[in-house]
A.B. asks: 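Got a structure here, written out as structure tokens. Questions coming.
By convention in this document, chain letters (A, B, ...) are assigned in the order of the sequence lines, proteins followed by strands, and residues within each chain are numbered from 1.
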Protein chains: 2
Amino acid sequence: MATIKDIAKAAGVSLATVSRVINDGPKVGDKTRARIKTIMKEMGYRPNANARALVNQKSASLGVVIAELADPFFATLAHGIETIARKKNVQVLLSTGSIEAKTELKAIETLLEHRCEAMVVHSKALKDSVLIELAKQIPGFILINRYIEEIKHQCVWLDNIAGGQLMANHMLKLGHKKFAVVSSKYQIDDPYQRLDGIRQALIKAGVELNEENIEYSSPDQEGGEIAMQNLLTRGADFTAVLGYNDAMAAGAMTTLLDQGYHVPDDISVIGYDDVLLSRYCRPKLTTLKYPIEMMASQAAELALSFASQPNLRESNKDKTYKYTPTIIKRESVLKTR
Amino acid sequence: MATIKDIAKAAGVSLATVSRVINDGPKVGDKTRARIKTIMKEMGYRPNANARALVNQKSASLGVVIAELADPFFATLAHGIETIARKKNVQVLLSTGSIEAKTELKAIETLLEHRCEAMVVHSKALKDSVLIELAKQIPGFILINRYIEEIKHQCVWLDNIAGGQLMANHMLKLGHKKFAVVSSKYQIDDPYQRLDGIRQALIKAGVELNEENIEYSSPDQEGGEIAMQNLLTRGADFTAVLGYNDAMAAGAMTTLLDQGYHVPDDISVIGYDDVLLSRYCRPKLTTLKYPIEMMASQAAELALSFASQPNLRESNKDKTYKYTPTIIKRESVLKTR
DNA sequence: TTGTATGCGTTATCAG
DNA sequence: CTGATAACGCATACAA
């Protein structure tokens with residue numbers, strides 16, 4: 001592959017001159033510039049990003065760490081980031097962490113080896129202390145979907161407690177008094193916080209939430225189905241089902257439907273996230289909108305600008321980037337009769 | 001960030017020695033090796049991937065070009081690639097092409113600037129000639145979901161004609177004689193080929209497919225809804241609906257249900273792809289399995305091995321990597337009464 | 001306006 | 001077993 005040197009030789013000029021026209025530097029004669037440009041075209045010259053990164057000490061790239069590309073939620077997240085990256089002309093380096101401390105760390109380290117100084121990472125398994133350390137070292141480090149007080153100015157996150165309250169209150173407002181929760185079995189913050197929010201709202205309303213009416217399972221459709229089967233088998237009594245996410249809610253709904261219940265007439269079901277599936281399933285799922293794409297885009301922009309202007313980050317030390325979910329009313333929730 | 005030089009200084013040895021322990025090179029004393037290793041740990045040394053790529057003339061990365069991360073189909077594709085990349089310890093560089101010639105080319109060129117010699121690209125908009133040129137230049141260039149005779153040994157693709165035949169034949173076997181097709185309006189090969197397969201099967205069975213019963217729309221749920229609305233408005237007569245993909249089929253189904261038709265009792269609907277949604281929607285969609293994740297994984301492996309052993313590619317010049325879809329029977333298709 | 005020289009972090013080829 | 005040293009492709013301070 002042609003290098004800057006080859007171009008220089010072909011054009012009968014020095015490396016420096018070629019480098020200048022590549023970078024649109026000043027101080028180059030118009031004729032020389034034009035001539036060199038055509039030669040570059042002819043020879044199919046492509047700047048070597050690695051060499052550039054090496055000499056510039058920065059990489060024009062944006063790292064992304066997410067759990068799993070196959071999960072629609074993360075795909076949307078990645079998409080939000082990718083959109084910004086393309087606009088800013090930076091390459092995205094993608095790594096997956098699969099919600100395991102070891103893998104998440106490895107993913108970040110790989111990114112670090114590529115010297116990408118801007119990255120948005122979704123980490124659930126890594127400890128606060130590790131993340132704080134990383135965040136301090138890496139100028140454009142942005143944590144998405146997690147809040148850590150010490151580095152809150154590098155966190156773009158959703159208020160899950162508010163979310164839990166919101167979904168419970170929505171049901172309460174419609175007259176529901178008997179609740180079941182289909183939660184995630186993973187020991188990470190999100191399910192705790194959402195459950196917390198739910199509990200707070202119910203307590204405030206004076207409604208009891210029997211621990212037996214909370215089922216923990218894998219946060220996917222199958223997990224939702226199983227959880228609902230368990231609830232039903234146990235003879236749990238409820239008219240409102242709160243799902244940890246849309247997949248679980250949809251799964252729970254499937255089981256209910258299969259068992260002859262009517263949704264929403266007999267039982268109302270609400271999801272969380274508002275991924276595509278909530279619009280596809282029948283009845284269409286009432287859910288909470290998790291503005292993940294918007295959040296991801298903001299995270300990407302923050303990462304990029306903090307990386308290029310570290311002082312900008314310091315001057316915003318007391319800021320944080322909090323989002324709140326909103327209710328999307330569709331067909332799976334109804335007033336109690 | 002600490003460099004190899006810093007380590008050398010701290011350890012009181014030369015660069016060469018440090019480099020050797022980093023690469024597990026031979027000829028280093030055990031004590032020296034151990035000492036250097038601890039020093040590297042202490043100083044938090046991380047090899048600079050850019051410098052490495054520069055001197056090695058290769059990049060330990062895998063480029064991916066797809067249309068849109070937000071599309072579940074592409075997310076699954078990307079996931080298949082990512083799985084292999086992680087196993088082989090290479091970084092994935094992701095770029096999107098959004099089915100536009102210009103953008104697709106730009107995406108590939110960016111990858112090229114990063115000197116990644118292995119890449120799997122999904123291109124629909126670029127011309128054969130351009131792709132052929134690229135494929136010849138780049139050792140590990142693999143084209144996914146597209147077949148080009150001249151570079152067939154670098155193509156991993158699905159037989160869409162066979163797919164079209166398959167879906168039509170499935171309906172025929174169940175007694176259907178009145179067909180409607182909900183196709184994509186994009187001027188790319190896939191819809192043509194699928195339609196071709198459908199036509200071939202119907203002709204062979206002596207069943208007529210009225211051109212008025214083919215509707216072209218955007219290949220998503222909304223497009224499916226609109227297409228079906230048009231069909232219905234026009235008073236088209238059919239008992240079997242063949243969708244371009246699952247999203248369109250689901251959309252068509254939604255409209256049918258909304259209009260009071262029963263699926264599959266009145267009308268049968270079949271999709272294509274077997275993405276998540278086909279299992280979530282109600283009734284569950286009968287569809288064709290597009291083994292995209294498997295294909296993507298194979299593509300990634302091919303790309304990586306061709307990149308590291310170019311001769312291997314040459315010795316397989318007459319091979320190609322063709323896949324055939326299979327029917328996944330679920331709930332949206334029934335025998336005609 | 002153009003050219004020369006140096007260094008970015010690493011690997012590899014030599015000597016020692 | 002270990003150490004100099006020359007690349008790799010590029011940008012830039014400094015000369016001319």
A.B. asks: In degrees rounded to 10°, what angle is found between the helical axes fit to the five outermost pairs at each end of the helix from C/dT1-D/dA16 to C/dG16-D/dC1?
C.D. replies: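 For the helix from C/dT1-D/dA16 to C/dG16-D/dC1, the axes at opposite ends meet at about 40°.
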A.B. asks: Which pairs, with at least one residue in residues 70-83 of chain A and sequence neighbours excluded, count as a salt bridge (charged side-chain N to carboxylate O under 4.0 Å, His left out)?
C.D. replies: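 Residue pairs with at least one partner in residues 70-83 of chain A: A/Glu82-A/Arg86.
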A.B. asks: Sequence neighbours left out, what passes side chain to side chain donor-acceptor pair (under 3.5 Å) with B/Asp30? Give chain and number order.
C.D. replies: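 Testing B/Asp30 for side chain to side chain donor-acceptor pair (under 3.5 Å), a comparison that skips the adjacent residues, returns none.
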A.B. asks: Considering residues at least two apart in sequence or located in another chain, which fulfil the salt bridge (Lys or Arg N to Asp or Glu O under 4.0 Å) criterion with A/Arg313?
C.D. replies: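 Partners of A/Arg313 under the salt bridge (Lys or Arg N to Asp or Glu O under 4.0 Å) test: none.
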A.B. asks: I'd like to compare against my own output: the B/S/- annotation of nucleotides 6-16 of chain D with a strict under-4.0 Å heavy-atom distance to protein.
C.D. replies: -BBBBBBB---
A.B. asks: With a 4.0 Å cutoff (strictly under), does any side-chain N or O of A/Thr32 reach OP1 or OP2 of C/dT1?
C.D. replies: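 No.
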A.B. asks: Give the rounded distance in Å between these two atoms: NZ of A/Lys31 and P of C/dT1.
C.D. replies: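 Atom-to-atom, A/Lys31 to C/dT1, this comes out as 11 Å.
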A.B. asks: Excluding sequence neighbours, so at least two apart, what forms salt bridge (Lys or Arg N to Asp or Glu O under 4.0 Å) with A/Glu104?
C.D. replies: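 For A/Glu104 there are no salt bridge (Lys or Arg N to Asp or Glu O under 4.0 Å) partners, ignoring immediate neighbours.
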A.B. asks: Does A/Asp190 have any side chain to side chain donor-acceptor pair (under 3.5 Å) partners at least two apart in sequence or in another chain, and if so, which?
C.D. replies: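 In terms of side chain to side chain donor-acceptor pair (under 3.5 Å), with neighbours along the sequence ignored, A/Asp190 is linked to A/Lys124.
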A.B. asks: Apply salt bridge (Lys or Arg N to Asp or Glu O under 4.0 Å) to B/Arg35 and list each qualifying residue two or more places apart in sequence or on a separate chain.
C.D. replies: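 B/Arg35 satisfies salt bridge (Lys or Arg N to Asp or Glu O under 4.0 Å) with no residue once adjacent residues are dropped.
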A.B. asks: How many whole angstroms separate atom CD1 of A/Ile36 from atom C1' of C/dT2?
C.D. replies: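 Spelled out: CD1 on A/Ile36 to C1' on C/dT2 is 10 Å.
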A.B. asks: Distance-only criterion, 3.5 Å: show the donor-acceptor pairs between side-chain atoms of residues 127-144 of chain B and protein atoms not counting sequence neighbours.
C.D. replies:
| unit_1 | atom_1 | unit_2 | atom_2 | d |
| --- | --- | --- | --- | --- |
| B/Asp128 | OD1 | B/Arg146 | NH2 | 2.7 |
| B/Glu133 | OE2 | B/Gln137 | NE2 | 3.3 |

A.B. asks: Does CE in A/Met294 sit with more than 12 non-hydrogen atoms of other residues, nucleotides or ligands closer than 6.0 Å?
C.D. replies: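 No, not enclosed.
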